[in-house]
Each structure stands twice: as C-alpha cells, then as structure tokens.
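Okay, structure first, notes after.
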Amino acid sequence: MKTLTLLVGRHCGLCEEARMQIRFAQEDAAFEVEEKMIEGDEVLEAEYFMRIPVLMDGDKIVQEGNIDFVTIIEYLTNNK
C-alpha cells in the first residue's frame, strides 16, 4: 500500500482541511498517510513554512496549500 507524507504545522487551518480531504480520498483509494510536523526541523521549516500543508510521495510533491481529494485520487490513479 502506498504511503504519502503530509507536512503540517501547528494552528494551521489549511492542514485541518487537508486532513479532511485525505479522509475523503481514502474512501475511494487505498493509501496511508504519515503526518510530519515541520516545527522543530530547521530544514523542513526553511523549505515548507509558507507552503504547508504539503502532501508528498517520497520527494515528489503531490499538492500543496489547498489539498483536495480529486487531485489525490488522480495522482494515485496515475502513479500506481
């Protein structure tokens, strides 16, 4: 099963919305999500602070900012 990574921050409304969109996508596609908090990681903070939430497949960015279930499903369908 594919595992995607969701980079998130504290007090992030878009991150909460991303979690909901991911749950919607998981109703139609089998995948897992590992959440990673960027705070406390200087490298991640420098790279992604203004871009969270960021959904990644390994080093590849699937989507950032406004995450939506349609884009997630399309990505998973095209990248099996």
Side-chain angles (χ1 to χ4, degrees):
M1 181 179 300
K2 185 173 280 289
T3 300
L4 303 178
T5 302
L6 179 64
L7 302 178
V8 297
R10 286 179 177 65
H11 312 295
C12 171
L14 286 175
C15 298
E16 290 301 321
E17 178 67 24
R19 289 179 184 106
M20 185 175 66
Q21 294 294 319
I22 288 167
R23 284 192 296 275
F24 288 149
Q26 288 174 318
E27 292 176 6
D28 293 329
F31 68 100
E32 295 180 359
V33 175
E34 172 187 298
E35 272 195 33
K36 187 161 191 166
M37 185 70 63
I38 67 165
E39 278 98 355
D41 184 316
E42 292 178 14
V43 174
L44 290 178
E45 280 189 60
E47 180 72 22
Y48 298 107
F49 181 74
M50 296 300 293
R51 299 165 61 188
I52 59 170
V54 179
L55 186 63
M56 302 184 77
D57 183 6
D59 291 337
K60 182 177 181 180
I61 295 175
V62 176
Q63 197 171 19
E64 62 184 74
N66 290 313
I67 309 294
D68 68 274
F69 73 95
V70 173
T71 301
I72 297 168
I73 297 294
E74 288 175 353
Y75 176 81
L76 293 170
T77 300
N78 295 325
N79 293 280
K80 290 184 178 181

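Side chain of Glu39 to backbone of Glu45: no donor-acceptor contact under 3.5 angstrom is found. Here the side chain of Asp68 pairs a donor or acceptor atom with the backbone of Thr71 at under 3.5 angstrom.
Rounding to the nearest 0.5 angstrom, the gap separating the NZ atom in Lys36 from the CG atom in Asp41 is 6.0 Å.
Applying the disulfide (SG to SG under 2.5 Å) test to pairs two or more places apart or on separate chains, those with a residue in residues 9-80 are Cys12-Cys15. Every pair passing side chain to side chain donor-acceptor pair (under 3.5 Å) that includes a residue from residues 20-30 is listed here, sequence neighbours excluded: Glu17-Gln21.
Ile67 belongs to a hydrophobic cluster with Leu4, Leu6, Val8, Ile22, Phe31, Val33, Met37, Leu55, Val62, Ile72, Tyr75, Leu76, counting contacts under 4.5 Å between side-chain heavy atoms of Ile, Leu, Val, Met, Phe, Trp and Tyr, direct or through other members. Other members of the cluster containing Met50 are Leu7, Ile38, Leu44, Tyr48, Phe49, Ile52, Val54, Met56, Ile61, with ILVMFWY side chains joined at under 4.5 Å, either directly or via other members.
Qualifying salt bridge (Lys or Arg N to Asp or Glu O under 4.0 Å) partners for Glu47, counting only residues two or more places apart in sequence or in other chains: Arg51. Under the side-chain contact (heavy atoms from CB on, under 4.5 Å) criterion, Met1 pairs with Ala30, Glu32, not counting sequence neighbours.
Taking a 6.0 Å sphere around CG of Asn66, one finds it holds 12 or fewer heavy atoms contributed by other residues, nucleotides or ligands.
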